[in-house]
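In this text, all values refer to a predicted model and were calculated from it rather than measured experimentally. Chain letters run A, B, ... following the sequence lines, proteins first and then strands; every chain starts at 1. All values below were derived from every heavy atom in this structure, side-chain atoms included, with hydrogens, water molecules and symmetry-related copies excluded.
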Amino acid sequence: MTVMEQRGAYRPTPPPAWQPRTDPAPLLPDALPHRVLGTAAADRADPDLLRRLYAELVRGRRYNAQATALTKQGRLAVYPSSTGQEACEVAAALVLEERDWLFPSYRDTLSAVARGLDPVQALTLLRGDWHTGYDPNEHRVAPLCTPLATQLPHAVGLAHAARLKGDDVVALALVGDGGTSEGDFHEALNFAAVWRAPVVFLVQNNGFAISVPLAKQTAAPSLAHKAVGYGMPGRLVDGNDAAAVHEVLGEAIAHARAGGGPTLVEAVTYRMEAHTNADDDKRYRADAEVEAWRAHDPIALLERELTERGLLDEDGIRAVREDAEAMAADLRERMNQDPVLDPMDLFAHVYARPTTQLQEQEAQLRAELDAEIRHHEDEPDHRDEPDHRDGPDHRDGPEVNAR
Amino acid sequence: MTVMEQRGAYRPTPPPAWQPRTDPAPLLPDALPHRVLGTAAADRADPDLLRRLYAELVRGRRYNAQATALTKQGRLAVYPSSTGQEACEVAAALVLEERDWLFPSYRDTLSAVARGLDPVQALTLLRGDWHTGYDPNEHRVAPLCTPLATQLPHAVGLAHAARLKGDDVVALALVGDGGTSEGDFHEALNFAAVWRAPVVFLVQNNGFAISVPLAKQTAAPSLAHKAVGYGMPGRLVDGNDAAAVHEVLGEAIAHARAGGGPTLVEAVTYRMEAHTNADDDKRYRADAEVEAWRAHDPIALLERELTERGLLDEDGIRAVREDAEAMAADLRERMNQDPVLDPMDLFAHVYARPTTQLQEQEAQLRAELDAEIRHHEDEPDHRDEPDHRDGPDHRDGPEVNAR
Amino acid sequence: MTTVAVKPATMAQALGRALRDALAEDPTVHVMGEDVGALGGVFRVTDGLAKEFGEDRVTDTALAEAGILGTAVGMAMYGLRPVVEMQFDAFAYPAFEQLISHVAKMRNRTRGATPLPITVRVPYGGGIGGVEHHSDSSEAYYMATPGLHVVTPATVADAYGLLRAAIASDDPVVVLEPKRLYWSKDSWNPDEPQAVEPIGRAVVRRRGRSATLITYGPSVPVCLEAAEAARAEGWDLEVVDLRSLVPFDDETVAASVRRTGRAVVVHESGGFGGPGGEIAARVTERCFHHLEAPVLRVAGFDIPYPPPMLERHHLPGVDRILDAVARLQWEAQS
Amino acid sequence: MTTVAVKPATMAQALGRALRDALAEDPTVHVMGEDVGALGGVFRVTDGLAKEFGEDRVTDTALAEAGILGTAVGMAMYGLRPVVEMQFDAFAYPAFEQLISHVAKMRNRTRGATPLPITVRVPYGGGIGGVEHHSDSSEAYYMATPGLHVVTPATVADAYGLLRAAIASDDPVVVLEPKRLYWSKDSWNPDEPQAVEPIGRAVVRRRGRSATLITYGPSVPVCLEAAEAARAEGWDLEVVDLRSLVPFDDETVAASVRRTGRAVVVHESGGFGGPGGEIAARVTERCFHHLEAPVLRVAGFDIPYPPPMLERHHLPGVDRILDAVARLQWEAQS
Ligand SMILES: Cc1ncc(C[n+]2csc(CCOP(=O)(O)OP(=O)(O)O)c2C)c(N)n1
Ligand SMILES: Cc1ncc(C[n+]2csc(CCOP(=O)(O)OP(=O)(O)O)c2C)c(N)n1
Ligand SMILES: [Mg+2]
Ligand SMILES: [Mg+2]
């Protein structure tokens with residue numbers, strides 16, 4: 001039986017041959033988001049997993065803080081922080097097998113890092129020395145995707161291809177609440193369901209698309225309620241409860257792996273910082289709202305669970321923090337080094353082989369750069385400057401790096 | 001209060017302040033399509049309405065047959081017939097008030113005609129003498145729309161604009177089952193729900209998008225189940241039961257008129273003929289399937305109801321058929337006249353005023369046509385030929401007019 | 001040019017003022033897009049408008065560009081004049097089908113019965129250190145689409161004048177706003193705004209006799225700088241700012257090139273298939289026997305827009321323009 | 001050219017044969033799109049393929065062009081070679097964002113780590129009496145997008161050769177298939193198909209000395225006809241079939257124009273912002289001192305594509321081409 005033949009065999013039939021439609025109930029999410037921490041379900045959770053999640057959350061928070069600091073120092077062009085959303089970012093990375101694929105959006109560098117990517121490579125896009133700073137095939141992390149929701153059909157296609165090949169690979173695609181309004185979201189979920197592709201969609205509903213609150217984005221009971229319209233299950237989860245996100249994603253992935261097809265997971269969370277460093281969130285939300293969410297901090301939630309259950313003590317917390325600091329120090333140090341750039345790279349990867357036209361343009365730029373070097377050599381002060389090493393451009397005005 | 005402020009006041013709040021989500025149950029369709037004819041509900045139906053629907057169904061069937069015949073005679077470039085779907089086409093037209101707007105897809109000339117459009121003008125697109133053959137404002141019928149689902153956001157925008165102006169206007173937009181897969185379907189429904197726009201979406205699920213059966217289009221329990229994902233009610237109706245379609249659309253329109261926002265209606269029907277005259281449906285479906293649907297013919301269903309209840313007799317049926325024949329004869333006669341074309345129209349409506357560039361091109365074409373005329377005048381045989389009157393182009397090969 | 005300069009204003013402010021004046025004068029004008037409300041747009045062009053005119057007139061939409069433009073079509077069909085903001089150049093692409101198949105064609109399809117007075121504002125071009133997909137020069141796509149007008153301001157006054165003209169136009173107009181000029185300042189009196197400019201007129205920004213630089217939008221200041229620098233080489237360059245790509249002002253451009261006998265087209269957009277080909281071809285058709293050298297083009301390379309740290313190598317700068325001027329076969333000078 | 005002609009085949013058949021051979025030779029090739037399965041495509045190009053290779057290799061997709069191309073991107077990321085069919089030119093527009101922001105750029109974005117060997121087949125152009133949105137010449141959009149290759153066959157043999165080359169290419173290739181040539185026939189031996197053509201080579205279809213007609217796709221036969229008719233006027237026209245718009249074969253084109261000294265670019269696409277501007281500009285840059293007259297352009301008008309009954313007035317025909325040739329300033333002939 002081919003992959004394609006596994007689809008339900010709908011045939012247009014007139015009444016009385018009409019079948020009652022598939023029962024939609026199992027596809028609908030619960031009324032309230034699923035929670036584990038602080039509930040009886042936490043007892044069933046694997047302590048090692050909880051500790052790993054905790055360590056990664058702390059690292060993640062530190063990573064976000066460090067990246068934001070680097071932005072202030074002009075070392076990054078822009079940084080869209082995931083502070084407050086670390087539970088989603090981290091659980092998404094940890095729940096996958098090595099052979100699986102992650103499709104992050106532009107806000108998800110943390111998830112890519114938690115999956116094992118070099119943090120400096122993950123930040124290349126935002127530093128501005130190249131677009132994608134890593135080989136997607138190495139850790140099976142697709143490029144951080146800026147055109148919203150466009151990565152979702154990619155995840156579907158990859159998962160479908162893997163299934164066609166008979167490989168046991170699941171794709172997990174991340175998208176924001178705002179991104180669900182795009183046509184590509186719709187088309188991706190529909191293809192996934194029709195093809196029963198092994199893909200899981202995680203919507204991080206952080207309440208805003210830049211300044212636009214969810215109420216202007218959708219009138220649906222929840223974003224997870226969109227799932228039934230594609231014929232896949234929709235799940236709602238507390239996005240600040242790392243154990244719950246991990247559990248719900250884990251079930252969805254297992255379902256996909258078993259040939260059950262895609263799942264849509266909505267994680268309810270909150271963006272604690274501005275959209276990016278260039279954004280001014282005072283314009284569109286009240287401090288009180290942000291403060292209210294502080295009481296539901298993903299790290300605090302997990303820390304409380306672990307300490308109350310005696311799975312973590314002061315020493316353990318200190319060790320985790322020290323590890324995070326070491327990561328941050330390393331990141332800081334490496335990001336403080338200027339990247340070495342070769343302007344000729346502009347022409348290297350447009351096509352497999354540059355066209356004659358591009359070769360001409362390459363020669364033109366090379367001649368210009370040679371002339372620049374000669375010019376520098378004439379001025380003794382500059383003789384020691386590295387060639388073609390450019391710093392980030394000068395910027396002014398609000399939001400020039402808004403993404 | 002402005003239109004915009006009427007939206008539900010979602011605020012991102014952490015637990016325990018989480019509200020249980022809106023109950024999705026009222027937004028979900030019933031398991032089986034709604035029916036009126038042949039059920040107890042038929043007793044409640046207005047006899048006059050049923051008779052009007054019947055007359056229009058018969059006219060509609062005749063109109064489809066006539067248009068198909070005109071295609072065979074080369075009088076139309078192509079015709080996508082709605083034979084079998086007349087109940088949807090006709091109910092959609094009759095359920096609207098005069099001030100309301102209809103947004104048809106390319107298959108819905110019948111609906112436009114039932115709304116009052118001159119059938120010749122409605123066929124202009126398919127004859128090929130111009131694109132839209134009528135002034136959309138005259139009968140409030142938007143242009144027949146070929147790029148699938150792109151008319152849906154138009155309907156939403158128009159309904160929204162009317163509401164902003166305080167006008168009591170509802171828009172009804174038609175789309176096929178295939179069209180629901182397009183991103184524009186998703187974006188239109190989402191905008192409609194967020195804006196609570198007075199718009200109703202009618203999906204004619206006729207089982208196929210050209211050759212592609214519904215099972216390859218969606219895995220959803222029904223297309224109406226998509227509604228809950230936008231926060232609007234979804235209704236499922238027997239698309240061959242004119243009374244049921246009229247009732248369900250009527251309720252949805254009343255709901256929209258009262259400020260309740262949009263509804264998604266899925267009508268289950270069947271395309272009895274090939275996709276267009278240029279299509280070969282033997283390639284993708286069995287005769288038996290088509291035959292099975294013949295037993296559920298929209299005209300027969302309504303005729304049975306009317307005659308059984310004594311609302312229609314032989315004379316009544318004859319009168320209706322004669323009226324339909326007269327319409328067809330008139331259509332045939334008028335379509336057998338060559339349209340008078342002015343090639344200069346090519347430049348007349350590109351912009352409000354032609355650019356100098358277009359004026360130059362206009363002059364060029366005029367000179368060419370003058371030369372052509374001079375050439376004709378030199379050959380006495382052609383002297384009586386009307387100027388610039390072009391017939392439909394020569395066509396060959398399969399599906400060149402597939403749309 | 002006759003305005004009394006009161007204080008310098010930025011292009012972003014002038015654009016905002018144009019929207020405000022249009023909203024105030026004409027109740028059918030509606031501004032819509034992502035983040036145009038409370039935030040005032042990511043470039044702050046719509047700052048304060050939602051407060052002044054309310055959410056019904058200045059509307060934060062859901063995040064879906066085809067939906068934004070598609071609903072704008074319906075609104076225009078009902079008599080409104082929507083002004084749509086696309087947040088960045090590359091994020092207008094999802095709306096491409098609506099733009100090409102409906103916005104550009106609706107008047108034609110309906111024999112004039114359904115004109116669509118829609119303004120589509122698109123911040124475009126690079127030079128601001130934006131990460132990928134935030135610096136595309138997409139004008140070639142719009143130019144190749146009959147039924148659209150395409151304008152792009154290079155000065156604060158033109159930003160006001162062209163945007164007002166676009167909104168007033170009964171035809172759809174794509175207003176390409178050069179991102180890197182948003183904070184450029186001019187002496188411009190916001191209380192006596194420049195008159196609405198008719199769409200379709202180029203302007204000579206600098207008179208010169210040796211050769212003509214034909215340019216628009218973000219490259220205008222670069223060309224003016226190049227023209228200054230060229231004086232040292234003995235070249236007196238004329239600079240024509242097209243302002244409107246569609247319709248194209250053949251008269252002004254050809255008159256200049258006939259006078260100078262040499263021309264270079266300058267733009268950021270990639271060269272191949274970019275606006276420069278059309279412009280060079282038109283000029284050559286009209287001025288062939290006045291030309292001492294082929295019309296040359298200085299454009300972005302034929303590559304995807306580079307990352308921030310490399311963009312300066314991509315963007316046409318003064319040196320590259322002067323190099324092209326030097327290649328205008330001066331030895332042939334009579 | 002060395003193939004033994006056995007029986008005439010249509011371009012549609014040759015394209016189908018190219019797909020079949022590619023599917024048979026390379027298990028990573030997948031064909032996908034609307035109605036490509038049981039129906040064989042609305043132009044029957046994929047006739048029989050689903051039956052031969054199964055639904056997993058030749059897949060009827062849901063009706064969503066962005067979804068089709070977007071999933072193809074993911075499939076290519078996993079090592080497949082998707083061949084995507086867009087049903088008609090104007091129905092490729094919904095996929096524009098995926099094409100521009102991902103398909104064209106992915107190799108570049110990832111420094112070569114993620115090439116996308118995707119073929120996008122787009123039936124294009126008019127002349128078949130199609131109703132609106134079924135006859136667009138959209139090549140200008142693709143040409144202006146670095147990262148894409150763009151080819152278009154004019155002969156049955158090239159249809160096979162170019163499609164095979166496109167599928168074999170490690171870069172994305174847009175194959176523009178001239179709708180009105182689908183049923184054109186050539187002597188072509190389907191059992192000894194023409195060798196795969198390298199992408200990027202123009203070909204001289206007819207030798208001549210008076211002037212060069214530069215053209216491609218659907219306009220090639222028209223130009224050949226015009227060249228025959230021109231003999232009566234004493235003109236011996238050379239006809240260059242570009243075959244590949246990107247990369248552009250400057251060498252072949254410039255060599256021809258240097259030889260003849262005069263050139264006309266002919267295409268169906270609208271003139272303004274269309275391919276002709278780029279071509280004329282390139283030729284002029286390279287051949288300026290060989291040109292006796294400016295390179296002229298014969299193109300579709302700058303209007304939305306006309307309804308079937310009026311399309312013959314829009315399409316460049318023999319007379320319009322000869323008119324342009326007549327305007328090549330023959331009086332200046334030395
Ligand atoms: C197609 C597209 N349109 C617009 C943008 C500009 N933009 C970048 S982020 C953003 C908001 C995204 O909101 P959401 O999807 O909720 O993700 P979040 O930022 O909250 O993580 C917008 C509008 C974009 N990147 N892509
Ligand atoms: C955007 C777009 N893609 C493709 C097509 C070509 N096409 C015309 S009709 C059709 C099938 C439509 O199916 P459905 O929506 O179910 O409507 P039906 O024909 O059954 O009435 C297709 C693919 C189109 N018109 N527009
Ligand atoms: Mg968000
Ligand atoms: Mg259908």
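- Using modelled atom types, one finds no donor on one side chain facing an acceptor on the other under 3.5 Å when comparing D:Tyr141 with D:Asp89.
- Taking the centre of each ring, D:Tyr93 and D:Phe88 stay at or above the 6.0 Å mark.
- For chain D, the nearby part of B:Glu368 is the side chain; its heavy atoms alone come within less than 4.5 Å.
- Your options are B:Gln357, B:Arg283, B:Lys282, and the one with the most heavy-atom pairs under 4.5 Å with chain D is B:Arg283.
- Put simply, CG on B:Asn206 and CD on B:Glu273 are 12.0 Å apart, with the number rounded to the nearest 0.5 Å.
- D:Tyr182 pairs by the side-chain hydrogen bond (donor to acceptor under 3.5 Å, both in side chains) definition with D:Glu177, not counting sequence neighbours.
- Heavy-atom distances place both the backbone and the side chain of B:Leu346 under 4.5 Å from chain D.
- In this structure, chain B has a heavy atom under 4.5 Å from the backbone of D:Thr61, while its side chain stays farther away.
- Taking the side-chain contact (heavy atoms from CB on, under 4.5 Å) definition, one finds that B:Glu187 meets it with A:Glu182, C:Ala64, C:Ala66, sequence neighbours left out.
- For the set B:Gln217, B:Gln361, B:Gln364, the count of heavy-atom pairs under 4.5 angstrom toward chain D peaks at B:Gln361.
- When each of D:Val266, D:Leu213, D:Val265, D:Ile321 is tested with D:Ser219 by the rule side chain to side chain contact (heavy atoms under 4.5 Å, CB included), just one qualifies, namely D:Val266.
- Annotation: maximal heavy-atom pairing with chain D below 4.5 Å, among B:Val350, B:Asp184, B:Thr355, occurs at B:Val350.
- For B:Glu362, no part lies near chain D; criterion is any non-hydrogen pair under 4.5 Å.
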